[in-house]
Amino acid sequence: MAAAADLVQRLGVAGARAAMTAEEATIHCGGHDVKAMDLQARWLISPDDPSLVGRAVESFGDGAATNFMKAMIAAAVAGKGALGQYVTHDTGRDGARVDKVLFYRHLSSQGVVLYGAFILR
């Protein structure tokens, strides 16, 4: 997360997006890529799924996911740049429960929230 934050601070969102989506990119959170959203819950950086860039979480029509992401953004802003974390779970493609810890951080100078997850089991 620190490397991603440094990259966004130094290169801005567009420069960091290019660096983080390059084939040789090495910025990850666990086995997943670090993503960035603006404060309206629209993806700005999404290395593992570039089709999300510019899309708002609300566009999926999933109220629970929208509320979760907006709450994460609010918590990140309230954290004033500190690294925050939240333990949660999803359902995997096979229907099994996937426990994970979500890390997030607000970069006020760029108007973005970075986030990434570590799968616990």
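Keep in mind that what you see is a predicted model, and the values were worked out from it rather than measured. Residues take their numbers from the sequence shown, with the count starting at 1.
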Peer 1: Any side-chain heavy atom of Q9 sitting closer than 4.5 Å to one from Q110?
Peer 2: yes

Peer 1: Locate the shortest heavy-atom distance separating V57 from A65; write the atom from each residue and the value.
Peer 2: CG2-O, 4.2 Å

Peer 1: Spell out, as yes or no, whether a donor-acceptor pair under 3.5 Å connects the side chain of T66 to the backbone of D62.
Peer 2: yes

Peer 1: With heavy-atom distances below 4.5 Å as the criterion, would you say the side chains of V112 and M37 are in contact?
Peer 2: no

Peer 1: Before giving the answer on salt bridge (charged side-chain N to carboxylate O under 4.0 Å, His left out), spell out for D90 and R97 the whole-Å C-alpha distance, their side-chain angles and the decisive distance to 0.1 Å.
Peer 2: CA-CA 6 Å; D90 282 330; R97 180 181 164 127; over 6 Å; no

Peer 1: Below 4.5 Å, heavy atoms only, C-beta onward: do Y104 and L114 meet side chain to side chain?
Peer 2: no

Peer 1: Check whether any side-chain heavy atom of K35 sits under 4.5 Å from a side-chain heavy atom of I45, and report yes or no.
Peer 2: no

Peer 1: For the CG atom of D48 and the CE atom of M20, what is their distance to the nearest 0.5 Å?
Peer 2: 10.0 Å

Peer 1: Between CH2 of W43 and OG of S59, what distance do you get to the nearest 0.5 Å?
Peer 2: 6.5 Å

Peer 1: Has N67 got a side-chain atom pairing as donor or acceptor with G63's backbone, closer than 3.5 angstrom?
Peer 2: yes

Peer 1: One pair to check against salt bridge (charged side-chain N to carboxylate O under 4.0 Å, His left out): E58 and R42. What are the steps and the verdict?
Peer 2: CA-CA 9 Å; E58 292 171 334; R42 187 178 1 268; over 6 Å; no

Peer 1: Ignoring hydrogens, what is the shortest heavy-atom contact between I73 and D38? Give both atom names and the distance.
Peer 2: CD1-O, 3.6 Å

Peer 1: Would you say the side chain of V53 lies within less than 4.5 Å of the side chain of R17, judging by non-hydrogen atoms?
Peer 2: yes

Peer 1: Going by heavy atoms in the side chains, are T91 and V98 under 4.5 Å from each other?
Peer 2: no

Peer 1: Over all heavy atoms of both residues, which pair between L11 and A16 is shortest? Give the atoms and the distance, please.
Peer 2: CB-N, 3.8 Å

Peer 1: Side chains of T88 and F68, heavy atoms from C-beta outward: is any pair under 4.5 Å?
Peer 2: yes

Peer 1: Rounded to the nearest 0.5 Å, what's the gap from CG on L102 to CZ on F118? Could you check?
Peer 2: 11.0 Å

Peer 1: Is any side-chain heavy atom of R105 closer than 4.5 Å to a side-chain heavy atom of Y115?
Peer 2: no

